[in-house]
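Some notes on the structure that comes next.
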Amino acid sequence: MQRKFVALAATMILTAACESLPAAGGPGLSGTTWQLETLGGQPVPADNIPTLAIAEDGRVSGFAGCNRYMGGTTIAGDKLSFTQMASTRMACLNVTIELDYLASLENVAAYRIEDGRLSLIDAVGHVLSTYRPGA
């Protein structure tokens with residue numbers, strides 16, 4: 001009985017660890033520049049599309065709609081959080097999407113990659129934003 005429980009637990013752990021891995025040949029969390037598609041469930045306007053790039057060493061950088069941002073990440077399995085975030089402070093006419101976008105990054109608790117799309121998820125499981133691989 002105990003062996004069955006251990007085998008079941010190991011299978012569940014492996015399944016959870018692999019859940020967010022990209023399909024073979026698909027984009028990975030790091031090494032891909034992601035372009036924002038939706039924010040808060042709404043499509044993002046085609047001009048000045050925010051981007052997200054996570055390097056192999058966990059450094060994050062991107063374009064927020066007007067300004068550049070950078071920082072670090074903590075990644076463990078499908079858990080993800082952004083740390084020590086900073087951005088440039090250029091004057092822009094419309095910063096609404098940028099402010100909403102940067103605020104959403106503060107609430108990220110996990111990620112998922114499915115069908116080549118990245119979803120950033122909050123602590124209660126709501127999708128905050130979705131991305132497609134950039135050109």
Side-chain angles (χ1 to χ4, degrees):
M1 178 74 163
Q2 186 176 6
R3 285 186 185 171
K4 286 183 181 180
F5 177 75
V6 170
L8 177 61
T11 301
M12 290 172 62
I13 290 169
L14 289 173
T15 301
C18 294
E19 189 173 288
S20 293
L21 294 177
L29 181 62
S30 61
T32 301
T33 297
W34 297 96
Q35 291 186 330
L36 188 66
E37 282 188 308
T38 65
L39 181 61
Q42 299 300 311
V44 175
D47 58 329
N48 299 326
I49 297 173
T51 62
L52 170 73
I54 300 174
E56 293 293 329
D57 67 359
R59 300 291 306 155
V60 63
S61 63
F63 174 70
C66 172
N67 289 285
R68 308 272 322 145
Y69 67 94
M70 66 288 305
T73 59
T74 300
I75 304 170
D78 66 345
K79 304 300 181 210
L80 170 67
S81 62
F82 295 97
T83 61
Q84 301 176 339
M85 298 297 284
S87 70
T88 58
R89 296 287 181 205
M90 295 177 14
C92 305
L93 293 177
N94 186 357
V95 295
T96 303
I97 185 98
E98 178 167 308
L99 295 175
D100 292 345
Y101 176 67
L102 292 174
S104 77
L105 293 179
E106 294 176 9
N107 295 311
V108 172
Y111 77 96
R112 177 177 57 236
I113 299 175
E114 291 179 332
D115 299 325
R117 297 292 202 258
L118 170 65
S119 297
L120 298 184
I121 303 161
D122 69 12
V124 294
H126 295 120
V127 174
L128 298 168
S129 53
T130 60
Y131 301 78
R132 68 180 179 280

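What you see below is based on every heavy atom in this structure, not just the backbone, and it leaves out hydrogens, waters and symmetry mates.
Put simply, the side chain of N48 does not reach to within 4.5 Å of the side chain of I97, judged on heavy atoms. Residues E37 and L118 fail the side-chain proximity criterion, which asks for heavy atoms closer than 4.5 Å. At a threshold of 4.5 Å between non-hydrogen side-chain atoms, the residues D78 and R112 do not count as touching. Counting heavy atoms from C-beta outward, E106 and S104 have side chains that stay 4.5 Å or more apart. Using a 4.5 Å heavy-atom cutoff, the side chains of V95 and C92 are in contact. The shortest side-chain heavy-atom distance between Y69 and L105 falls under the 4.5 Å cut-off. Side-chain atoms of P133 and W34, non-hydrogen and from C-beta on, do get closer than 4.5 Å to each other.
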Return a table of donor-acceptor pairs under 3.5 angstrom between the side chains of residues 51-58 and protein atoms on other chains or two or more places apart.
{"unit_1": "T51", "atom_1": "OG1", "unit_2": "F63", "atom_2": "N", "d": "3.0"}
{"unit_1": "E56", "atom_1": "OE2", "unit_2": "S30", "atom_2": "OG", "d": "3.0"}
{"unit_1": "D57", "atom_1": "OD1", "unit_2": "R59", "atom_2": "N", "d": "3.0"}

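Considering CG of L120 and OG of S81, their distance stands at 11.5 Å, rounded to 0.5 Å. Rounding to the nearest 0.5 Å gives a distance of 7.5 Å between OG of S61 and CE of M70. Distance check: Y111 OH to S119 OG gives 12.0 Å after rounding to the nearest 0.5 Å.
What you find for I113 and G28 is that their closest heavy atoms are CD1-C, 3.9 Å. In this structure, P50 and G65 approach most closely via the heavy-atom pair CG-N, 4.3 Å. The nearest pair of heavy atoms linking R132 to L36 is NH1-O, 3.9 Å.
One hydrophobic cluster, built from ILVMFWY side chains closer than 4.5 Å, holds both I75 and M85.
Residue-environment remark: CG (D47) exceeds the threshold of 12 foreign heavy atoms within 6.0 Å.
Remark: D122 engages V124, H126, L128 in a side-chain contact (heavy atoms from CB on, under 4.5 Å) (not counting sequence neighbours). Residues meeting the ring pair (Phe, Tyr, Trp, His ring centres under 6.0 Å) test with Y131, sequence neighbours left out: none.
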query: side chain to side chain donor-acceptor pair (under 3.5 Å) between T38 and T130: does it pass, once the steps are laid out?
result: CA-CA 5 Å; T38 65; T130 60; 2.5 Å; yes

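For Q84 (side chain) and G72 (main-chain N/O), no donor-acceptor pair under 3.5 Å exists by modelled atom type.
When L80, T73, I121 are each tested for a side chain to side chain contact (heavy atoms under 4.5 Å, CB included) with V108, only one passes: L80.
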